[in-house]
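Following: one structure in structure tokens, then a few remarks.
Chain naming here is simple, since letters A, B, ... match the order of the sequence lines and numbering starts at 1 in each.
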Protein chains: 2
Amino acid sequence: MMHVTPPTRPPLDEGFVASLRQRFGDALALGEGIRRQHGTSEAHFAEALPDAVVFAASTEEVADCVRLCVAAGVAIVPFGAGTSIEGNALPVNGGVSINLARMDAILAVNAEDFDCTVQAGCRREELNAHLRDTGLFFPIDPGANATIGGMASTRASGTNAVRYGTMREAVLSLTVVTADGKVIRTATRARKSAAGYDLTRLFVGSEGTLGIITEVTLRLHPIPEQIMSAVCGFDSLQGAVDTVVQSIQCGVPLARVEILDDRQMAAVNAWSKLTYPEVTTLFFEFHGSPAGVAEQVETVAALAEANGGGEFAWSNQPEERAKLWKARHEAYYAAVNVRPGAVGWTTDVCVPISRLPECILQTRADIDAGSVPASILGHVGDGNFHVIFSIDPARPHEFEEVEAINRRLVERAIAMDGTCTGEHGIGIGKQDWLVAELGDAVDTMRVLKRALDPQNLMNPGKIFSL
Amino acid sequence: MMHVTPPTRPPLDEGFVASLRQRFGDALALGEGIRRQHGTSEAHFAEALPDAVVFAASTEEVADCVRLCVAAGVAIVPFGAGTSIEGNALPVNGGVSINLARMDAILAVNAEDFDCTVQAGCRREELNAHLRDTGLFFPIDPGANATIGGMASTRASGTNAVRYGTMREAVLSLTVVTADGKVIRTATRARKSAAGYDLTRLFVGSEGTLGIITEVTLRLHPIPEQIMSAVCGFDSLQGAVDTVVQSIQCGVPLARVEILDDRQMAAVNAWSKLTYPEVTTLFFEFHGSPAGVAEQVETVAALAEANGGGEFAWSNQPEERAKLWKARHEAYYAAVNVRPGAVGWTTDVCVPISRLPECILQTRADIDAGSVPASILGHVGDGNFHVIFSIDPARPHEFEEVEAINRRLVERAIAMDGTCTGEHGIGIGKQDWLVAELGDAVDTMRVLKRALDPQNLMNPGKIFSL
């Protein structure tokens, strides 16, 4: 963690605190322990504590909290599971953290319509456990057991976006508390609509800066009849990527396809006690009917062989698949912990897939010229990959080194017509890159922010400075 | 067409016309014939002529035209192919129509990245003809050979949205001329991004009211190895819808599934000289590998049989498929022309699919209680259907009757948590229903409109009044 002296702020107005206490009673917390839980993140950012935490239990409570804060000119920062990576939920200007974890109800499951509505604090693993008997599932899987509201607000995706899309595609409708304390619903449950501006997509990815998401209606998908996973090592990165591109060209509906470089495989083997060959590797998952999956597997295996792939390790056993994807999900911890006591830093560029091998190879060379251990893994079907650095916090120059590598990586991705962030959001860490990437379009975003939050109280200091 | 006296307006300022002439020369048209072409629509709305038409050839020309109009306080209405259905491109407040038909270039095809970039005036059929050799296609198919810019601005979809999504999912990035005459690009070519507000989705569906789309980057899909179409009549509407829902539950990736009622089938038979049984009918299309399509077909045929479906008429011959979908695409004209000289009016609700049979049956009863011939067809996989009325323009009370049936239909759809418009947009005709559907969320849309277009010059009078 970098050590930064937080700006000094006056304490909260006593009358304001009294009004919060009157409305929320014990659901208002002022103690340092709880404030600290809401002022740290899993990433490398400095602590930034809220002045108070409100544990909201309903949309009405969120709206009341927003109204009180806005009347007092106090900042409001929504908090879900605290698993975001770009400091998205850190109250850098203090104010009130609204913790939505108690709002974890599953409000409706409409199986015949392939949708459900949940409160924002519902977590994705709990949702999928609840859905199991319906034969449906919610596919978006960022690894962490994040809240649905948090996933919507950072436009999260993860390992199976290549088949099922991201939160952009998964959200049908939102209930949002706006900065003026009103409650709006952005859309109906219709699967498609041409009714006015797409407020749903405007709030998805807005990181709490335009309003607070309190309920989410999600598209669901049928649980596939057959699920098959596979692991395959490759001679070269280019061969692995070509296998994926050619598979998509052949119409293979890959459900998941993850790339892990040799160092990431070594870290995974060590962390998860596995024995995979430590070479550039693809993790696949195939969904479909038994015959359909067999056909997908045959096509991909043939393409892999033609592109320098080794033997496939197949599995259609739930336990083995679970082990594989658990290893993949723990890859971040595996990579950070190649050095004991290290701090993690993960990058997040996404480029057109044709540029992916070049982008990864140049980045690997840049990493190898430095001193900080790092491994690479990514969602190759989307062109999105992460470098995970394992930083020794006792060596401040390592932060500088990583910052410089990340800067060059983001510049490289933008030059390839890619983005600085495929799925983590802008938060605190990517604000300069947002401007480098989108130029004057960021001014248009600022116009929207000022119009919807004229006092700049909704998660201020995120996405951009005003 | 309803006869409405247009509001009288002062003529355009001479200095403003001179500045347009200086910039655009012969690409500025003031004659009544050309203005009339830009002031009528295929639907039942009254004529509304622009004061001038500019044929733009580049983004820079659009930006210059916007700057001149904004400086003079003159309204600006983008015009593509003129195929929109809710009066979306009618200059109800006069001003300048910017015709984008000359901006029809295909700027880039990135086959390995499954994307392309086109100018807004490029039409979808021309794009697909151009793409054929790449093995890719652009799937969104609203029937009409609309421009890509027009399709983006109304968030169009059509017959294969059930598999490939709508323009919401198809657009990766836009180049937009904003109301202050700036040119912004809303995103990069990365397949996914979490970089700030989703301006792409904000402009998709905004009907030219926030800015003018001049370039569009689209997602493309591999042309399926095998395409099979099928037609099947049903005993009941419920049986047809149940077949679709159960097919989706079984994971069948239906590429197209259209429902046509008995009257629509009669109209189609008469118009396209076909001999289908005149009962509630599903038109299917299946995409995949030969084995995959065979499996889909087997599943759906078994489900149809269990739900009161008749014999399937299959085809995998391109000519026969083309004939089938040509008949489907001409269904609108077939339905309107059941009475010679009639005027068409089409509705556009979309409801959760579980409510579709009830919504259609109640609507059918309402139609049957009236005097105006009407048929029903729809995109059943999405819950979106159209009633096509064939109105005798010599009988003004028929417009009133249709208006009342449409009002009851929209109220019915909204009560079922559906939308007043699945794919045609709000335009002129659905403004009251937008408010009925989304309530206070429309105020949020108005805040966005005022912030991005403070003078209300971008396609004014559409989506909502300010």
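Closest non-hydrogen pair, Ala190(B) versus Cys350(A), comes out as CB-O, 3.6 Å. Of all non-hydrogen atoms in Val245(B) and Phe114(A), the two that sit nearest each other are O-CZ, 3.9 Å. Closest non-hydrogen pair, Ile248(A) versus Pro222(B), comes out as O-CG, 3.2 Å. Counting all heavy atoms, side chain and backbone alike, Gln249(B) lies closest to Glu112(A) at NE2-CA, 4.4 Å. Between Val447(A) and Ala451(B), the shortest heavy-atom contact is CG1-O, 3.5 Å.
With a threshold of 4.5 angstrom between heavy atoms, Pro352(A) approaches chain B through its backbone and through its side chain. Within the 4.5 angstrom heavy-atom criterion, no atom of Gln246(A) approaches chain B. Contacts between Ile223(A) and chain B at a heavy-atom distance below 4.5 Å are absent for every atom of the residue. The parts of Ser354(A) that come within reach of chain B are both its backbone and its side chain, each placing non-hydrogen atoms under 4.5 angstrom from that chain. Heavy atoms closer than 4.5 Å to chain B are found nowhere in Asn88(A), neither backbone nor side chain. Contact annotation for Glu207(B): only side-chain heavy atoms (C-beta onward) come within less than 4.5 Å of a heavy atom of chain A. For Arg168(A), the part lying under 4.5 angstrom from a heavy atom of chain B is the side chain only. Both the backbone and the side chain of Lys449(A) come within less than 4.5 Å of a heavy atom in chain B. Heavy atoms of Ile426(A) lying under 4.5 Å from chain B belong to its backbone as well as its side chain. With a 4.5 angstrom heavy-atom cutoff, Thr154(A) touches chain B only via backbone atoms. Only the side chain of His379(A) comes within contact range of chain B, with heavy atoms under 4.5 Å apart.
Salt-bridge check for Asp443(A) with Lys182(B): passed, with a basic side-chain N closer than 4.0 Å to an acidic carboxylate O. Taking a cutoff of 4.0 Å between a charged side-chain nitrogen and a carboxylate oxygen, Arg191(A) and Asp382(B) do not qualify as a salt bridge.
Between chain A and the residues Cys250(B), Cys420(B), Gly439(B), Ala441(B), the largest count of heavy-atom pairs under 4.5 Å involves Ala441(B). Contacts with chain A were tallied for Gly205(B), Gly425(B), Ala195(B); Ala195(B) has the most, counting heavy-atom pairs under 4.5 Å. With chain B as partner, the option from Val252(A), Asp440(A), Val351(A) having the largest number of non-hydrogen pairs under 4.5 angstrom is Asp440(A). Ranked by heavy-atom pairs under 4.5 Å with chain B, the first of Ser289(A), Gly135(A), Gly383(A) is Ser289(A). Ranked by heavy-atom pairs under 4.5 Å with chain B, the first of Arg189(A), Glu169(A), Gln431(A) is Arg189(A). Among the candidates Gly288(B), Gly251(B), Ser206(B), the residue making the largest number of heavy-atom pairs closer than 4.5 Å to chain A is Ser206(B). The choice from Thr209(B), Leu356(B), Leu172(B), Thr200(B) that makes the most heavy-atom pairs within less than 4.5 Å of chain A is Thr209(B). Between chain A and the residues Asn384(B), Asp180(B), Thr166(B), the largest count of heavy-atom pairs under 4.5 Å involves Asn384(B). Each of Leu202(B), Val162(B), Val176(B), Leu210(B) has some count of heavy-atom pairs under 4.5 Å with chain A, and the biggest count is that of Leu210(B).
In this structure, Arg155(A) contributes its side chain and Gly196(B) its backbone to a donor-acceptor pair below 3.5 Å. Without hydrogens or angle criteria, Asp113(A) side chain to Ile353(B) main chain gives a donor-acceptor distance under 3.5 Å.
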Exercise. Do Ser157(B) and Lys192(A) pass the side chain to side chain donor-acceptor pair (under 3.5 Å) test, and can you show the C-alpha distance, the side-chain angles, and the key distance before you say yes or no?
Worked result: CA-CA 9 Å; Ser157(B) 46; Lys192(A) 63 181 198 181; 2.8 Å; yes
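Side-chain atoms of Thr444(A) and Leu452(B), non-hydrogen and from C-beta on, do get closer than 4.5 Å to each other. Within the 4.5 Å cutoff, side-chain heavy atoms of Phe464(A) are placed close to those of Tyr197(B). In this structure, Ser193(B) and Glu437(A) have side chains that are in contact, with non-hydrogen atoms separated by less than 4.5 Å. Counting heavy atoms from C-beta on, the side chains of Leu448(A) and Leu448(B) come closer than 4.5 Å. With a 4.5 Å cut-off on side-chain heavy atoms, Asp417(A) and Arg185(B) count as touching. Residues Leu199(B) and Leu438(A) form no side-chain contact, since every pair of their non-hydrogen atoms from C-beta on lies 4.5 Å or further apart.
Using a 4.5 Å cut-off between non-hydrogen atoms, the part of residues 290-300 of chain B that approaches chain A consists of Ala291(B), Gly292(B), Glu295(B).
Every residue two or more places apart in sequence or in another chain was checked for a ring-ring contact (aromatic ring centres under 6.0 Å, His included) with Phe385(B), and none qualifies.
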